[in-house]
Every structure is written in structure tokens, then in C-alpha cells.
Amino acid sequence: NAKASGNRYMFYQASMNESVAVRLTLENQLRLALENDEFVLHYQPKVSLATGQMTGAEALIRWNRPQVGLVPPGQFIPVLEETGLIHHVGRWALQQAIADYLRWKRAGLPVQPIAVNVSSLQLRSPGFIAEIQQLVGIDPAAASGLQLEITESMVMQDIRQGISTLQAIREMGVTVALDDFGTGFSSLSYLSKLPLNMLKIDRSFINDMSDTPEGMSLVSSMITLAHTLKLKVVAEGVETEEQARFLRLLRCDEMQGYLYSKPVPGDVFESRFLAQPVG
Ligand code: C2E
Ligand code: CA
Ligand code: CA
Ligand code: CA
């Protein structure tokens with residue numbers, strides 16, 4: 001039945017062309033988005049579990065797409081990576097986070113380091129060290145105000161290069177956090193060789209923590225491991241008081257999540273978390 005398979009072929013071809021067209025439009029719109037300044041950073045605070053004080057914030061990108069509204073990064077970062085646009089947008093995010101940090105610092109506000117997510121393509125690009133150098137070179141205070149968030153898989157692809165890139169970055173005074181900890185496959189010996197300042201326990205473990213004793217001991221082990229390696233440890237995606245209480249008992253250093261705050265635009269972050277209460 002040649003006719004049926006012929007139709008099927010036509011069908012596949014039509015839908016493939018369509019998805020290519022959609023992809024091309026999206027790619028062009030993302031290109032324009034950069035020119036038209038449509039990307040924004042939202043900031044989500046991290047807080048100390050012991051004191052309740054803010055310890056820093058993570059910058060999370062959004063695309064303020066005309067006629068659509070705020071688009072979350074999961075919907076466009078993959079396209080940016082496939083097209084190489086991630087280098088430009090990633091650079092913009094670093095630049096914007098540093099500019100915001102310095103502006104708040106110069107205004108005398110009690111701003112803490114800001115963490116910026118870095119794509120593996122950025123980390124592995126030959127010019128990355130120089131790029132960071134240039135970005136933090138604009139002000140002596142900039143380097144200590146910047147943290148990079150990387151994932152295990154990024155460094156795993158080329159461990160030796162990954163380690164030396166991170167080392168160079170840390171020598172500038174920029175700190176490094178390992179994001180989504182627990183979701184990768186790094187061995188412990190390798191983890192101990194990475195020049196890190198902080199581990200961020202992936203949200204999925206925090207989510208499962210209260211359900212079973214195993215979930216709890218897994219998180220406990222991760223916290224112990226971080227402390228053995230002399231690293232600070234942050235729990236991601238903390239949504240309930242119960243999770244916060246457990247994490248405090250387990251001696252986790254910091255938490256980040258909806259319980260304390262969702263990511264908010266820079267001006268909201270400033271007025272809500274940085275501005276001194278008057279009087
Ligand atoms: P991530 O780095 O693991 O960021 C944490 C994600 O969890 C964020 O999603 C944040 O909004 C969300 N989150 C925070 N607290 C909670 C909570 O209590 N509950 C729940 N359910 N979610 C919470 P978002 O903003 O959609 O970002 C998704 C991912 O996009 C990020 O995951 C990161 O991998 C990537 N991303 C964000 N900004 C950038 C960027 O500037 N550059 C690059 N390369 N990637 C970025
Ligand atoms: Ca992150
Ligand atoms: Ca994460
Ligand atoms: Ca994640």
C-alpha cells in the first residue's frame with residue numbers, strides 16, 4: 001500500500017518543515033531580543049539557615065517577549081545554545097549582574113555576591129577567562145561580588161581544562177558554586193579536585209527529603225560531604241517550613257526557594273531585600 005506510506009511521508013515532511021520554520025522564527029526573535037534589550041534578570045535571595053540573614057542572590061534570566069510576556073529560560077536557553085547566541089546572551093547576563101551589583105554597592109546598600117548561571121559552551125570557550133577578567137576589571141569590588149554557577153557535566157567533558165579555567169577565575173576573586181549537585185555522576189575523588197566554594201543541592205532531593213528516611217539521609221550525606229570538602233552548602237527549592245527545619249537540624253548553611261522568595265525583578269529585589277528600613 002504505496003499510497004498510505006506516500007501520505008505518511010508527506011505528513012512527516014510537512015510537520016518537519018513547520019518545526020524548522022518555527023525554530024527559525026524563534027531564533028530570529030531571540031537575535032532581535034538581544035538588540036532590543038528584551039532580556040531581564042530576576043533575583044532570588046539565598047538566606048542563612050542559622051541567622052535568617054540574606055547571604056547572596058541568584059540571577060535568573062527571563063525573556064520579556066513582546067505580545068507574550070515573560071518567557072522562562074527553559075524555553076529559550078536550549079535554542080540559544082544550539083545557535084551559539086548563548087555566548088552573547090551569557091555575556092549580557094554577566095554584565096548586567098555585575099552592573100546591578102556595583103550600582104547597589106555604590107548606593108551603600110548591603111548587597112551580597114550575585115550568582116550567575118554559566119552555560120557549558122561559555123565555560124569551554126577559549127576566550128572565557130579573558131571575558132571574565134574584562135568584566136570584573138571595571139571595578140575592584142566587582143570580582144568579589146560575582147559567583148559563577150556551573151554544573152558537574154560541564155567540567156566532566158574536559159576535566160583538566162575545566163579545573164584550570166575555574167582556577168583562573170577563582171584567582172581573580174570570583175567564587176564558584178556547583179549547581180544541581182547530586183544529579184551528575186562525578187566521583188568523590190574528582191569532586192575534591194574541583195576548585196569550588198559552594199555546593200547547591202538539587203531541588204529534587206529537597207523535594208523528596210520529607211517523604212522517606214532515605215530521602216532525609218541522602219540530603220544529610222550531601223551536607224556532610226560538602227563540609228568534609230570545606231564547602232558551603234545551599235539547599236535549592238525550599239518551599240516549606242518543615243524542609244527549612246530539617247535542613248537547619250542537618251546543619252545545612254543556606255537555603256534558596258519559594259519559602260523565602262520567588263525570583264523577583266531587580267527593582268523589587270532592591271526595595272524588598274536591600275533598602276534600609278527608614279527610621
Ligand atoms: P537553576 O540554575 O537550577 O535555577 C533554579 C530554578 O528553580 C529557577 O528556575 C528558579 O526560579 C526555580 N526555583 C527557585 N526556587 C524554587 C522553589 O522553591 N520551587 C520551585 N518549584 N522552583 C524554584 P528558572 O528561573 O525557570 O530557571 C531554570 C534554569 O534555567 C536554571 O536552573 C538555569 O539552569 C537556567 N538559567 C537561568 N538563567 C540563566 C542564565 O542567565 N544563563 C544560563 N546559561 N542558564 C540560565
Ligand atoms: Ca543555578
Ligand atoms: Ca540549580
Ligand atoms: Ca536545575
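Indexing begins at 1, ligand by ligand and atom by atom, following the structure's order. Below, each value reflects all heavy atoms present in this structure, side chains not excepted, and no hydrogens, waters or symmetry copies.
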**Q** Are Ser261 and Gln44 linked by a side-chain donor-acceptor pair shorter than 3.5 Å?
**A**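 Absent: no donor and acceptor within the cut-off.
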
**Q** Backbone or side chain, does Asp202 get an N/O/S atom under 3.0 Å to the Ca ion (ligand 3)?
**A**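 False for Asp202.
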
**Q** Which of the atoms of ligand 1 are close to Gly257, meaning less than 4.0 Å from one of its heavy atoms?
**A**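 So the atoms of ligand 1 that pass are 15 (N), 18 (O).
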
**Q** Return yes or no for this condition: an N or O of Glu149 is under 3.5 Å from an N or O of ligand 1.
**A**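 No - when backbone and side-chain N and O of Glu149 are compared with those of ligand 1, no distance drops under 3.5 Å.
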
**Q** State, without any angle test, whether Asn207 and Glu239 hold a side-chain donor-acceptor pair at a distance under 3.5 Å.
**A**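 The criterion, which ignores hydrogens and geometry beyond distance, is not satisfied for Glu239 and Asn207.
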
**Q** Check Glu149 and report its N/O/S atom nearest to the Ca ion (ligand 2), by atom name.
**A**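 Per the distance ranking, Glu149 contributes OE1 as its closest N/O/S atom to the Ca ion (ligand 2).
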
**Q** To which of Phe76, Tyr258, Phe39 does the heavy atom nearest atom 18 (O) of ligand 1 belong?
**A**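 Nearest option to atom 18 (O) of ligand 1, by heavy atoms: Tyr258.
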
**Q** Quick check on contacts: which atoms of ligand 1 are under 4.0 angstrom from a heavy atom of Glu58?
**A**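 Close to Glu58: 2 (O), 4 (O).
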
**Q** Hey, is Pro263 one of the residues with a heavy atom under 4.0 angstrom from ligand 1?
**A**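 Under 4.0 Å: yes for Pro263.
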
**Q** Check the hydrophobic clustering (I, L, V, M, F, W, Y; side-chain heavy atoms under 4.5 Å; chains of links allowed) and say if Val234 and Met209 are grouped together.
**A**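 Per the 4.5 Å side-chain linkage, Val234 and Met209 are not co-clustered.
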
**Q** Determine, using heavy atoms of Glu236 and all atoms of ligand 1, whether some pair is separated by less than 4.0 Å.
**A**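 Yes; Glu236 lies near enough to ligand 1 that a heavy-atom distance drops under 4.0 Å.
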
**Q** Ignoring hydrogens and geometry beyond distance, is a side-chain donor-acceptor pair present between Thr55 and Glu254 at under 3.5 Å?
**A**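 Note: Thr55 and Glu254 side chains meet the donor-acceptor criterion.
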
**Q** Tell me, which N, O or S atom in Glu58 is closest to the Ca ion (ligand 2)?
**A**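 Looking at Glu58, the N, O or S atom with the least distance to the Ca ion (ligand 2) is OE2.
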
**Q** Looking only at the aromatic ring of each residue, does the gap between the centers of Tyr260 and Phe273 stay below 6.0 angstrom?
**A**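 Yes.
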
**Q** Under a 4.5 Å side-chain heavy-atom rule over Ile, Leu, Val, Met, Phe, Trp and Tyr, are Leu34 and Ile61 clustered together?
**A**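 The answer is yes; both residues are in one hydrophobic cluster.
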
**Q** When you measure from the Ca ion (ligand 3) to each N, O or S atom of Asp179, which atom gives the shortest distance?
**A**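 Going by distance to the Ca ion (ligand 3), the closest N, O or S atom in Asp179 is OD1.
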
**Q** Same hydrophobic cluster for Leu80 and Ile150, using side-chain heavy-atom links shorter than 4.5 Å among ILVMFWY?
**A**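 Cluster IDs for Leu80 and Ile150 match.
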
**Q** What atoms of ligand 1 come within less than 4.0 Å of a heavy atom belonging to Gly237?
**A**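 By the 4.0 Å cutoff, the relevant atoms are 16 (C), 17 (C), 18 (O).
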
**Q** Closer than 3.0 Å to the Ca ion (ligand 2), do we get an N, O or S atom from Asp180, backbone or side chain?
**A**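 It does not: Asp180 brings no N, O or S atom closer than 3.0 Å to the Ca ion (ligand 2).
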
**Q** Does ligand 1 have an atom that lies less than 4.0 angstrom from a heavy atom of His42?
**A**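 Under 4.0 Å: no for His42.
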
**Q** In Glu236, the N, O or S atom nearest to the Ca ion (ligand 3) is which?
**A**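 The Glu236 atom nearest to the Ca ion (ligand 3), restricting to N, O or S, is OE2.
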
**Q** Check ligand 1 against Gln44 and write out every atom of the ligand that is under 4.0 Å from a heavy-atom position of the residue.
**A**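 The atoms of ligand 1 under 4.0 Å from a heavy atom of Gln44 are 14 (C), 15 (N).
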
**Q** For the residue pair Gln161 / Arg124, report whether a side-chain donor-acceptor contact shorter than 3.5 Å exists.
**A**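 No, no side-chain donor-acceptor contact under 3.5 Å.
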
**Q** Got an N/O contact under 3.5 Å between Ile86 and ligand 1?
**A**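 Between Ile86 and ligand 1, no N or O pair is found under 3.5 Å apart.
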
**Q** Among side-chain atoms of Lys200 and Gln256, is any donor-acceptor pair under 3.5 angstrom?
**A**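 Yes - a donor-acceptor pair under 3.5 Å links their side chains.
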
**Q** Please state whether the rings of Trp104 and Tyr43 are parallel, tilted or perpendicular, taking 30° and 60° as the class boundaries.
**A**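 Correct class here is perpendicular.
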
**Q** When you look for heavy atoms under 4.0 Å from ligand 1, do you find them on the side chain of Ile77, its backbone, both, or neither?
**A**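 It is the side chain that touches ligand 1; the backbone stays farther off.
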
**Q** At a non-hydrogen distance cut-off of under 4.0 Å, which region of Val116 contacts ligand 1 (side chain, backbone, both, or neither)?
**A**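 Neither; nothing of Val116 gets under 4.0 Å from ligand 1.
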
**Q** Glu81: heavy atom below 4.0 Å from ligand 1, yes or no?
**A**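 Checking ligand 1 against Glu81, which is what was asked, there is no heavy-atom contact under 4.0 Å.
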
**Q** Please determine whether the number of non-hydrogen atoms from other residues, nucleotides or ligands lying under 6.0 Å from atom CZ of Arg251 exceeds 12.
**A**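 Counting other residues, nucleotides and ligands, CZ of Arg251 stays at 12 neighbours or fewer.
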
**Q** Give yes if a backbone or side-chain nitrogen or oxygen of Gln256 is under 3.5 Å from a nitrogen or oxygen of ligand 1, and no if not.
**A**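 So ligand 1 has no N or O lying under 3.5 Å from an N or O of Gln256.
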
**Q** Side chains of Arg31 and Leu85: does their closest heavy-atom pair fall under 4.5 Å?
**A**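 Result yes, sub-4.5 Å side-chain heavy-atom pair found.
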
**Q** Which ligand 1 atoms, with their elements, are less than 4.0 angstrom from a heavy-atom of Asp180?
**A**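 Listed by number with element, the hits are 3 (O).
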
**Q** Regarding Gln134 and Arg91, do their side chains bring together a donor and an acceptor under 3.5 Å, going by distance alone?
**A**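 Result is yes, a qualifying pair exists.
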
**Q** Would you mind listing which atoms of ligand 1 come within a distance below 4.0 Å of any non-hydrogen atom of Glu239?
**A**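 The atoms of ligand 1 under 4.0 Å from a heavy atom of Glu239 are 17 (C), 18 (O), 19 (N), 20 (C), 21 (N).
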
